[in-house]
Number of protein chains: 2
Amino acid sequence: MDVRTICLGILTRADATGYEIKKRVEEGGYRPFVEASFGAIYPALNKLTKDRFVSVRAEAQEKRPDRKIYSITEAGRRAFVASLMKPLTEDRHRSPFAFAMLFADLLPEQHIAQMLDAYIAHTEQALAQLQQADAKPKSQREHFANGMSQAAYAATLEYLRSHRLNGETRTAEAAE
Amino acid sequence: MDVRTICLGILTRADATGYEIKKRVEEGGYRPFVEASFGAIYPALNKLTKDRFVSVRAEAQEKRPDRKIYSITEAGRRAFVASLMKPLTEDRHRSPFAFAMLFADLLPEQHIAQMLDAYIAHTEQALAQLQQADAKPKSQREHFANGMSQAAYAATLEYLRSHRLNGETRTAEAAE
DNA sequence: GTCGATCTATATCGGGCCAATATAGACTGC
DNA sequence: GCAGTCTATATTGGCCCGATATAGATCGAC
């Protein structure tokens, strides 16, 4: 799922500037499955323009750089659908936290507890955001995708809460 | 969590060649939190050698290129622990599947059903592999990390099975 | 028994992407 | 009135993936 495809997908819903695309990736129903940085979006839009998959119109602004508003073309729509029809690449999950947990024996116990608390807090926050986003009326598709993420986050949280790998719990479990 | 750090972590457990590091990332208790390609591992090991964080000894082999066996140095151990003590970067989840689901309206219904089936099958397989890996005796840390992944996968599966976004279910849900 | 496939093992390259940085005016809160 | 954040574009360095190349070993199938 390269950034060009992500841009095309977002533009199938509405025209947007590069900046708006970035915002939609972060806030829309796309979180947390996709990400894209400015350093990827702007070159992607240039390439898409060259390939005639999007068109640009510049909106002049006083004392500011022009807003470049991108629209998807018919060729772009076809290319987008074609790329979704190709076998999808696998999901990727990367967790520096889980990796660090594997080396808990090399770290101070107190620091482990801190990392765990921070991770739990962060996951709670992400889940709350998803629930909040889901409260607004949405398309069935967005609800489906959002629910899938919520399910995974909720299960992770429950697991962490009941299996806290800190001093007290370790002692308690050993005593069972 | 860059590839240099991943290499250092694996080398804290045992000496290894670049090839063996790759295998351990794929098969060990590291799946599915981390990944690294050869194109990242070999340059990472060169840089680590230059920085004196690992040392190499070449094992000559007849009619084959030398096996280059890497060992972590004391400086390497210190650098590794230091990098785990720094605030960790956030987890990243990327799902081309979930992204594609958001554009279900642009795709043939039959193709959606296929993608869903493939995704479910794939997730089942990943979960089975984790369960199998967990059956062997492991350290408590590895068990903890493995369990966290299992929880997330299992919840995702359950969600997908009960919310299948295909024709029949959609009709059935609409009738409720 | 021999032929294709898979495994061990190294390495490079193009292209894609992230994080940081630069620029610059407008708006918001204190 | 000024600090911080927001809109908006863009570039750069460096990291990383996927594909590709090389090459002998081993192993199962037929």
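Just so we're on the same page: letters track the sequence lines, and every chain starts at 1. Small disclaimer: the values here were computed from a predicted structure and weren't measured.
When distances run from any side-chain atom of B:Asp2 to the nucleotides D:dT9, D:dC16, D:dC17, the shortest one goes to D:dC16.
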Tabulated below should be each protein N or O lying under 3.5 Å from an N or O of nucleotides 11-14 of chain D; please produce it.
none

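Both B:Ile69 and A:Val3 lie near DNA chain C, and the one whose nearest nucleotide falls closer to the 5' end is B:Ile69.
Looking at residues 84-99 of chain A, you'll see A:Arg92, A:Arg94 sit with a heavy atom under 4.0 Å from some atom of DNA chain D. Heavy-atom distances under 4.0 Å link DNA chain C to no residue of residues 14-25 of chain A.
Heavy-atom contacts from other residues, nucleotides or ligands closer than 6.0 Å to CD of A:Glu90 number 12 or fewer. Within 6.0 Å of CZ on B:Arg13 lie more than 12 heavy atoms contributed by other residues, nucleotides or ligands. Few gaps surround CD on B:Gln131; more than 12 heavy atoms of other groups in view lie less than 6.0 Å from it.
We find that CZ of B:Arg67 is positioned 13 Å from P of C:dA11, with the value rounded to whole Å. Spacing between atom CD of A:Glu59 and atom C1' of D:dA8 amounts to 12 Å, rounded to whole angstrom units. Per the geometry, CZ belonging to A:Arg57 stands 13 Å off P belonging to D:dA8, to the nearest Å. One can place CE of B:Met1 at 16 Å from C1' of C:dC18, the figure rounded to the nearest angstrom. Atom NZ of B:Lys47 and atom P of C:dA11 are 17 Å apart (whole Å). Going from atom CD1 of B:Ile41 over to atom C1' of C:dT8 covers 14 Å, rounded to whole Å.
For the pairing with A:Glu26, the salt bridge (Lys or Arg N to Asp or Glu O under 4.0 Å) check across A:Lys22, A:Arg24, A:Lys23 returns one residue only, A:Lys22. Just one of B:Ile10, B:Leu8, B:Thr49, B:Asp15 meets the side chain to side chain contact (heavy atoms under 4.5 Å, CB included) condition when paired with B:Tyr70; it is B:Thr49.
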| request: I would like to know whether B:Phe144 and A:Leu160 meet side-chain contact (heavy atoms from CB on, under 4.5 Å); could you show each step before the answer? | output: CA-CA 9 Å; B:Phe144 174 74; A:Leu160 289 175; 3.7 Å; yes
| task | Just do the salt bridge (charged side-chain N to carboxylate O under 4.0 Å, His left out) check on B:Lys136 and B:Glu142 with the steps written out, would you? | result | CA-CA 11 Å; B:Lys136 294 180 219 158; B:Glu142 282 182 67; over 6 Å; no
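The heavy-atom pair separating B:Arg161 from B:Glu124 by the smallest distance is NH2-OE2, 2.6 Å. The two residues A:Ile41 and A:Ile21 have their closest heavy-atom pair at CD1-CG2, 4.2 Å.
One side chain, B:Asp2 or B:Thr5, offers a donor N or O that lies under 3.5 Å from an acceptor on the other.
Grouped by direct or indirect side-chain proximity (heavy atoms under 4.5 Å, Ile/Leu/Val/Met/Phe/Trp/Tyr only), A:Ile69 sits alone.
Direction change of the helix axis from one end of the helix from C:dG1-D:dC30 to C:dC30-D:dG1 to the other is 50°, with five pairs defining each end axis (rounded to 10°).
Within the nucleic acid shown, B:Ala44 has no heavy atom closer than 4.0 Å to any nucleic acid atom.
Put simply, B:Phe103 and A:Ile6 are part of the same group of oily side chains (I, L, V, M, F, W, Y) that touch within less than 4.5 Å, one to the next. Under the 4.5 Å side-chain heavy-atom criterion for ILVMFWY residues, a single connected hydrophobic cluster contains both B:Tyr153 and B:Leu116.
Screening residues 104-124 of chain B for ring pair (Phe, Tyr, Trp, His ring centres under 6.0 Å) gives B:Phe97-B:Tyr119 as the qualifying pairs, with residues at least two apart or on separate chains.
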